Amino acid sequence: MHSANHRGGSFEIYNGAAESTTDDEKSRNMEWDKAALQPQRHHLDETQQSWLLYRQETKKKKYVDFGCIACSHRALKWTLYAFVFAVLVILLPTVLAKTLPKHRSKPSPPDNYTLALHKALLFFNAQKSGKLPKNNGIPWREDSGLQDGNGSDFSKLGLVGGYYDAGDNTKFHFPMAFAMTMLSWSVIEYSQKYEAIDEYKHTRDLIKWGTDYLLLTFNSSASKIDKIYCQPDDHYCWQRPEDMDYPRPSRVVNAGSDLAGEMAAALAAASIVFRDDEVYSEKLVRGAETVYAFARDPGKRQPYSRGKPYIEPFYNSTGYYDEFIWGATWLYYATGNINYIRWATEPGFSKHSKALYRISELSVLSWDNKLPAAMLLLTRCRIFLNPGYPYEEMLHMYHNKTELNMCSYLQQFNVFNWTKGGMIQLSSGRPQPLQYVANTAFLASLFVDYLNATRVPGFQCGSKFIPLDVLRSFATSQINYILGDNPMKMSYVVGYGTKFPRHIHHRGASIPNDKRRYSCTGGWKWRDSPKPNPNNITGAMVGGPDRFDRFRDVRKNYNFTEPTLAGNAGLVAALSSLTSSGGIGIDKNRMFSAVPPLYPPSPPPPPAWKP
């Protein structure tokens, strides 16, 4: 029989011999046992339990010590799994994308306006006079007019360069300057679009070709001038410009505020385009200020065409106060000089030009009438700069008149007649209507972009609210008419579409480039030939149809088939505003880069207090 100490003490072995022990021995044994057991009870309790019972060990977590942190094996394992997963999911596809052959989707094709814009710009290459660059891109054109302006008393280059105006070999400075202003304006507003279609450098080169020439026509290095040179009429001969060998003497204009005012506008606008070329931009500004001072000279105030039979039948100017406002506005944007904004908002100029009169013809932009364009430019100033007193009153009136102009373009208000085919008749049924249509489409589209830039959804025409998409639709409908959406189903831009005029009233395009020289009158047979032109003058916008939407493709009828610099400049501007290439909208700030704040500067801080 075994006896055990269930409280964890030592075991005793019981046998029969023990019973023979004496009482004294029992007493001593009992005393010893008590003495031995009681002091060690707690120690033996823990120790014996570890011997007799199964050992209950708690598992200790294993950690990996990285020095700065300690991480369990399990966490480390899952971290490694996550890393491998990330490599497979993220890195592997990236490596595959870099190494596998690329199948790039084709970019969306350019819209019709972009295609037409490429071609419309080429017309200016075909019209260049002087020594042509090798990359001019018109194979049937060569150097011409290299003796123009011989005898000019302030220029060694004479009057070599510039552009021929239309189908003739004359360089009319008034519409040429207007064309350069319009090209510059479109580049300033829509430079991102020109860059997107790779035409930015080309268009700048075209502008510079024109402004370089305009700088030759007066003493641009002087602070004051008393004359401007111009080119005489040259309509009698029908010759390629390369074959001209007859005298082309220059004429002197001693008074001509309209011509000088337009030249100032052209040079000032171009100076903004070329602001990244500081030397050239400053040269343009100096020239613009000099020629504008000539325009404002009280002794020079008369139309430049008055009494000049070589100009008056073709480009007869009806006034010059519109050029005063137009030129001053561009000079203000080019220089920031507040004198120019004062002149642009001068009430006397507005009164004499009849800018605020409700005369429908004065709402039509042309080489002769700059009022609607000048007022739109000044409306731009009010919308974005809000200069306040003392300019606000006139700017507000110009803004209101600009809105009235836009209302007049809409068919629902019956201000202008329209053809059955959908063309607005801005020239009162007179011939060559498309140049006015293109200019007006540009103004309407640009006004929409101005309001969109300020998140204004429309404008008022009397009590009626006009959403912006209505005005934009007007602009697109008119340009679409020019590009072929008309009763003739014909594009009026040469080279655009499949059906376009083939008998353009143009000397260089109508005479074959066969290395033979044709005399002044020897070219008449080509003028009178019923055959299509041997050379397509790509991008030329012709005069256009009559008021019944009819068009006669006849070379001798220049009212239908002759293109012009001024007309094509308006077309280029309108197309640049409507194309979606490069995004929608204008460059708000480029126009104002030289304009300082119009409010008074903050006063200087007071001097430091001294005891």
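Remember, it's a predicted structure, so these values are computed and weren't measured experimentally.
S317 places no side-chain N or O within 3.5 Å of a backbone atom of L259 that could act as its donor or acceptor partner. Side-chain atoms of R552 do not come within 3.5 Å of backbone N or O of P545 as any donor-acceptor pair. In this structure, N405 contributes its side chain and S363 its backbone to no donor-acceptor pair below 3.5 Å. D297 places no side-chain N or O within 3.5 Å of a backbone atom of R301 that could act as its donor or acceptor partner. Of the possible polar contacts, none joining the S529 side chain to the K525 backbone as a donor-acceptor pair under 3.5 Å is found. T561 places no side-chain N or O within 3.5 Å of a backbone atom of I504 that could act as its donor or acceptor partner. Under a 3.5 Å cut-off, the side chain of Q239 and the backbone N or O of G523 do not form any donor-acceptor pair. Here the side chain of Y163 pairs a donor or acceptor atom with the backbone of L206 at under 3.5 angstrom. Side-chain N or O atoms of S491 include one that pairs as donor or acceptor with a backbone N or O of Y496 at under 3.5 Å. Checked by atom type and distance alone, the side chain of D368 pairs as donor or acceptor with a backbone atom of T318 at under 3.5 Å.
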Would you tabulate the side-chain donor-acceptor contacts of residues 566-575 under 3.5 Å, counting partners in other chains and residues two or more places apart, or write 'none'?
unit_1, atom_1, unit_2, atom_2, d
N568, OD1, M541, N, 2.8
N568, ND2, A120, O, 3.2
N568, ND2, G539, O, 2.8

Could you walk me through whether L215 and L284 satisfy the side-chain contact (heavy atoms from CB on, under 4.5 Å) test, starting with their C-alpha distance in whole Å, then the side-chain angles of each, then the deciding distance to 0.1 Å, before giving a yes or no? CA-CA 8 Å; L215 290 171; L284 291 169; 4.0 Å; yes

Under the ring-ring contact (aromatic ring centres under 6.0 Å, His included) criterion, do F560 and H505 qualify, and how do the steps go? CA-CA 9 Å; F560 287 105; H505 183 92; over 10 Å; no

Please assess D449 against Y190 for the test side-chain contact (heavy atoms from CB on, under 4.5 Å), listing each intermediate value before the final yes or no. CA-CA 10 Å; D449 284 336; Y190 300 108; 2.6 Å; yes

Hey, mind stepping through V187 and Y200 against side-chain contact (heavy atoms from CB on, under 4.5 Å) and telling me if it holds? CA-CA 8 Å; V187 169; Y200 183 67; 3.7 Å; yes

Could you walk me through whether W367 and W326 pass the ring-ring contact (aromatic ring centres under 6.0 Å, His included) check? CA-CA 12 Å; W367 54 265; W326 177 240; over 10 Å; no

Going through the distances and angles, do W238 and S510 end up as a side chain to side chain donor-acceptor pair (under 3.5 Å)? CA-CA 9 Å; W238 194 273; S510 65; 3.0 Å; yes

For Y236 and W524, run ring-ring contact (aromatic ring centres under 6.0 Å, His included): C-alpha distance rounded to whole Å, both residues' side-chain angles, the deciding distance at 0.1 Å, then the answer. CA-CA 10 Å; Y236 179 73; W524 287 357; 5.6 Å; yes

In sequence, state the C-alpha distance, the side-chain angles, and the governing distance for K171 and D148, and then conclude on salt bridge (charged side-chain N to carboxylate O under 4.0 Å, His left out). CA-CA 10 Å; K171 293 186 281 191; D148 284 357; 2.9 Å; yes

Can D205 and K208 be said to form a salt bridge (charged side-chain N to carboxylate O under 4.0 Å, His left out), step by step? CA-CA 5 Å; D205 289 343; K208 190 173 186 298; over 6 Å; no

Set out, in order, the CA-CA distance, both residues' side-chain angles and the distance that settles side chain to side chain donor-acceptor pair (under 3.5 Å) for T579 and D111, then state yes or no. CA-CA 7 Å; T579 179; D111 59 33; 3.2 Å; yes

Side chain to side chain donor-acceptor pair (under 3.5 Å), that's the test. Do N369 and Y436 meet it? Break it down for me. CA-CA 11 Å; N369 175 39; Y436 310 106; over 6 Å; no

Can you list the steps and then say if Y518 with D514 is a side chain to side chain donor-acceptor pair (under 3.5 Å)? CA-CA 10 Å; Y518 297 93; D514 56 6; 2.8 Å; yes

Begin with the C-alpha distance, continue with both residues' side-chain angles, and end with the deciding distance and a verdict on ring-ring contact (aromatic ring centres under 6.0 Å, His included) for Y229 and F218. CA-CA 6 Å; Y229 283 97; F218 66 99; over 10 Å; no

I would like to know whether R430 and D546 meet salt bridge (charged side-chain N to carboxylate O under 4.0 Å, His left out); could you show each step before the answer? CA-CA 8 Å; R430 293 190 295 270; D546 63 17; over 6 Å; no

Residues L267, R286; criterion side-chain contact (heavy atoms from CB on, under 4.5 Å); working and verdict: CA-CA 9 Å; L267 298 175; R286 287 195 303 271; over 6 Å; no

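Considering every non-hydrogen atom in both G327 and Y292, the closest pair reads C-CE1, 4.0 Å.
Of the charged side-chain nitrogens involved, none lies within less than 4.0 Å of a carboxylate oxygen, so that D226 and K300 do not count as a salt-bridged pair. Ion pairing between K556 and D528 holds under the 4.0 Å rule for side-chain N and carboxylate O. Using a 4.0 Å cut-off between a side-chain N of Lys or Arg and a carboxylate O of Asp or Glu, E242 and R141 qualify as a salt bridge. A salt bridge does not link K420 with D549: none of the charged nitrogens is closer than 4.0 Å to a carboxylate oxygen.
With E142 as reference, K515 is the one residue of K515, K134, R517 to meet the salt bridge (Lys or Arg N to Asp or Glu O under 4.0 Å) rule. Partner of N533 under the side chain to side chain donor-acceptor pair (under 3.5 Å) criterion, chosen from H503, R502, H506, R555: R555.
At a threshold of 4.5 Å between non-hydrogen side-chain atoms, the residues V542 and F500 do not count as touching. Two residues are said to be in side-chain contact when any heavy atoms from C-beta on lie closer than 4.5 Å; F123 and P563 meet this criterion. Between K370 and F178, some side-chain heavy-atom pair lies under the 4.5 Å cut-off. Put simply, the side chain of Y558 does not reach to within 4.5 Å of the side chain of P431, judged on heavy atoms. Counting only heavy atoms from C-beta outward, the side chains of S191 and R590 approach each other to under 4.5 Å.
Other residues, nucleotides and ligands place no more than 12 heavy atoms under 6.0 Å from the CZ atom of R547. Heavy atoms of other residues, nucleotides or ligands lying less than 6.0 angstrom from NZ of K131 number 12 at most.
In this model, no donor atom of one side chain and acceptor atom of the other lie less than 3.5 Å apart for N112 and T114. Counted by atom type alone, T211 and Y280 present one or more donor-acceptor pairs between their side chains at under 3.5 Å. When only modelled atom types and interatomic distance are considered, S144 and Y164 share a side-chain donor-acceptor pair under 3.5 Å. At a cut-off of 3.5 Å, with distance as the only test, no side-chain donor of H202 or Y194 sits close to an acceptor on the other residue.
A parallel orientation is assigned to the rings of Y409 and F474, their planes being inclined by less than 30° (bins at 30° and 60°). In this structure, F551 and Y492 have tilted ring planes: the angle between them lies in the 30° to 60° band.
With rounding to the nearest 0.5 Å, the separation of NZ in K193 from OG in S581 is 8.5 Å. Here the NZ-CZ distance, from K227 to F294, works out to 10.5 Å after rounding to the nearest 0.5 Å.
Taking the six-membered ring for Trp and the full ring otherwise, the centers of F174 and Y315 sit at least 6.0 Å from each other.
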